[in-house]
Amino acid sequence: MDATNRLVAGVLAEISDLLEIHGENPFKVRAYARAAEVVGHLGRSVAGMNEDELEALPGIGKAIAEKVREIAETGTCREQARLREATPQGLPALLNLQGVGPKTVRRLWKELGVVGLDDLEAAARAHRIRALRGFREKKEHEILRAVGVARRGTDRMSLTEAEHLADVMLAAIPGEAWVAGSLRRGRSTIGDIDIVTLAPVRETAHSLARVADEVIDAGEKKISIRISGRRADVRFAAPKDLGAMLLYLTGSKAFNIRLREVARIPGMRLNEYGLTDHKTGELRQFRTEDEVFAALGMSPVPPELREDRGEVDLALEGNIPPLVDVQEIRGDLHVHSEWSDGTMSLEEIAAAGEERGYEYMLVSDHSASLGIAHGLDAPRLARQQVAIEQVNRTSGCTLLAGVEVDILADGKLSLPDESLQNCDLVIASVHSAFGQDEDVMTRRVITAIEKRDVDIIGHPTGRLIGRRPPVAIDMERVIRAAAENETALEINASPGRLDLDDIYIKQAQERGVRLAIGTDAHAAPELAYLRHGVALARRGWCGPGDILNTRSLADLLERRG
DNA sequence: GCCGTTTTCGGCCCGACTGTTTTCAGTCG
């Protein structure tokens with residue numbers, strides 16, 4: 001995300017939390033929270049927008065537009081300062097505790113003098129919480145447990161972890177079940193697991209309790225558990241109303257709210273059971289999501305687009321753009337072999353490509369430079385190209401002779417031009433000096449983009465999910481340069497990277513930049529990551545024409561002239 | 001604070017579950 005947008009979104013979200021603690025109008029609280037979301041997912045920087053442009057954004061009116069300008073210019077605003085003055089610093093963090101909301105935080109503060117996590121834990125241990133009216137032993141235990149969970153950290157899950165936990169749950173549930181929530185929407189990180197099932201309630205509760213750390217709550221309609229430290233929700237449906245339930249549990253929350261607003265216009269109420277006519281009270285049920293969309297007069301919205309970023313209005317006009325499908329992918333555009341730090345031989349890569357029905361695989365081993373073991377220098381790259389030719393004589397899947405060349409700290413590449421000219425396709429990536437400041441890093445990457453022989457910029461922001469933040473880089477400038485030079489940007493499909501992020505993919509797609517999906521596989525099982533890359537491309541509104549991997553081998557090679 | 005196919009005031013998505021309740025507030029998704 002753009003640094004200014006991140007800053008502004010953070011301040012607006014904090015104002016929302018503080019207003020909530022002070023018992024302000026809930027709709028005002030929501031207005032700030034929504035504005036924070038909108039700014040956080042904006043493709044362009046609010047730093048360059050005037051108040052008129054800001055007010056044109058959904059959920060941003062005169063008052064918030066002024067504050068956005070103030071925050072963008074000064075890093076804060078008077079409203080934030082005023083609220084911070086009136087509120088102990090540690091209080092907003094308490095809102096994140098499971099089972100603790102604004103009303104509770106306020107009472108703990110006013111009646112017990114609690115101003116942070118440590119205070120709260122001490123108060124609970126001293127049994128001072130159960131002394132409050134309306135609170136008893138159970139609430140005190142709940143709070144202590146929530147403090148423990150918070151101290152262990154509550155980072156979002158990687159896709160790998162989330163898919164594993166979902167599989168464990170699907171295996172435990174005695175009946176048909178579907179993954180919903182952010183996992184179904186293809187998000188890069190997952191907060192909790194959501195599942196819809198047709199299985200019977202009682203048996204499901206029993207078998208889930210066996211795989212769970214803890215059952216958070218269990219009723220007739222839903223079960224919430226903690227599994228391997230993560231939260232999971234299961235909702236029960238019947239075949240005749242499965243559509244509305246899947247739609248509801250897939251979300252996102254913002255999308256659901258928009259959809260329910262759409263339903264209200266003709267006097268309907270949308271919930272997870274169907275559409276109710278306000279006047280007659282009649283409930284219409286739906287077996288599939290598409291039937292719900294049809295009843296609302298919309299074309300179906302693919303799960304990956306359900307974020308309230310303009311897709312609802314397009315669906316109402318019947319103008320949802322076609323998105324790239326995994327079936328349309330003709331090859332993997334980033335694979336490592338045993339020639340550098342991978343484990344697959346060239347023959348194994350070709351065989352794996354054939355097995356997947358691909359036309360081609362881009363062999364893109366690391367170039368020799370600091371930090372990368374067994375990188376290829378010019379002579380070894382030349383020898384690899386001979387070996388690739390040999391494999392291609394008998395392989396049904398063509399190996400493209402490529403390389404993932406390092407972009408050095410000064411923007412130069414770590415292989416000579418002649419070496420790069422002999423490649424079918426060249427990926428250029430940053431693997432060192434991650435700490436450069438934004439302008440230096442941006443110019444460094446743009447220097448590589450402008451090189452004639454560079455076809456793709458690998459993992460453009462360099463983030464490692466949960467381990468390393470993205471480098472400081474002005475993606476708007478990078479995307480403009482990529483458009484001007486017809487250089488593609490990579491969608492790195494490895495669950496540890498998922499780089500680019502969807503908001504930049506969309507921005508690149510809008511400017512006509514091509515995107516290349518690569519698994520960055522270092523071993524055969526990692527070739528399956530491709531589907532994550534496709535999901536990410538879909539989240540960035542990419543159609544088949546935006547994706548390099550949908551091109552035929554001949555078309556792809558034509559790029560090099 | 002935002003917003004307009006019941007427009008410039010008066011609404012604002014909707015329901016499940018828990019705890020401490022004797023009818024509901026608070027929290028969550």
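Owing to the predicted nature of the structure, the values given are computational and were not obtained by experimental measurement. A, B, ... follow the sequence lines: proteins, then strands. Residue 1 opens every chain. We use all heavy atoms of the structure for the numbers below, so side chains are in, but hydrogens, waters and symmetry mates are not.
A:R235 comes within contact range of the sugar-phosphate backbone alone, with a heavy-atom separation under 4.0 Å but no base atom that close. In this structure, A:L270 reaches the sugar-phosphate backbone alone: every heavy-atom distance under 4.0 Å involves primed, P, OP1 or OP2 atoms, never a base. When heavy atoms are screened at a 4.0 angstrom cut-off, A:D217 is found touching the sugar-phosphate backbone but no base atom. Among the atoms of the strands shown, only primed sugar atoms or phosphate atoms (P, OP1, OP2) are found under 4.0 Å from some heavy atom of A:E272. Base contact: A:Y248 has a heavy atom under 4.0 Å from a base atom. Heavy atoms of A:L97 sit under 4.0 angstrom from primed sugar atoms or phosphate atoms, though from no base atom.
Summary of the strand contacts: A:N271 and A:G134 both lie near DNA chain B, and taking for each the nucleotide with the nearest heavy atom, the more 5' one is attributed to A:N271. Comparing A:G99 and A:K139 by the nucleotide of DNA chain B whose heavy atom lies nearest to each, the residue mapping closer to the 5' end is A:K139.
For the pair A:R78 and A:E70, the salt-bridge criterion is met [side-chain N within less than 4.0 Å of a carboxylate O]. A:R185 has no carboxylate O lying under 4.0 Å from a charged side-chain N of A:D502, or vice versa, which leaves the two without a salt bridge. Between A:E289 and A:R306, at least one side-chain N (NZ, or NE/NH1/NH2) sits under 4.0 Å from a carboxylate O, which counts as a salt bridge. In this structure, A:E142 pairs ionically with A:K139, as a charged nitrogen and a carboxylate oxygen lie closer than 4.0 Å. With respect to the salt-bridge test (charged N to carboxylate O, under 4.0 angstrom), the residues A:D313 and A:R258 qualify.
Comparing B:dC9 with B:dA16, their C1' atoms sit 33 Å apart, to the nearest whole Å. One P atom belongs to B:dG1, the other to B:dT6, and the distance between them is 27 Å to the nearest Å. Comparing the P positions of B:dG10 and B:dC17 gives an interatomic distance of 37 Å, to the nearest angstrom. B:dT20 and B:dT27: their P atoms are spaced 13 Å apart (whole Å). Separation of the C1' atoms belonging to B:dT23 and B:dT18 is 15 Å when rounded to the nearest angstrom. Nucleotides B:dC12 and B:dG19 are separated by 30 Å at their P atoms, to the nearest Å. B:dC13 and B:dG4 have their P atoms separated by 14 Å, given to the nearest Å.
A 3.5 Å limit on both hydrogen-bonding distances identifies no Watson-Crick or G-U partner for B:dT8.
Protein chain A touches strand DNA chain B; the 5'-most and 3'-most nucleotides with an atom under 4.0 angstrom of its non-hydrogen atoms are B:dG1 to B:dG29.
In terms of modelled atom types and a separation under 3.5 Å, the side chain of A:R230 and the main chain of A:G191 share no donor-acceptor contact.
Both the sub-6.0 Å distance and the 45° axial angle are not jointly satisfied by A:R497 relative to the ring of A:Y529.
Of the residues in residues 18-40 of chain A, those placing a heavy atom less than 4.0 Å from an atom of DNA chain B are A:N25, A:F27, A:K28, A:R30, A:A31, A:Y32, in numerical order.
B:dT5 shows a glycosidic angle more than 90° from 0 and is accordingly assigned anti.
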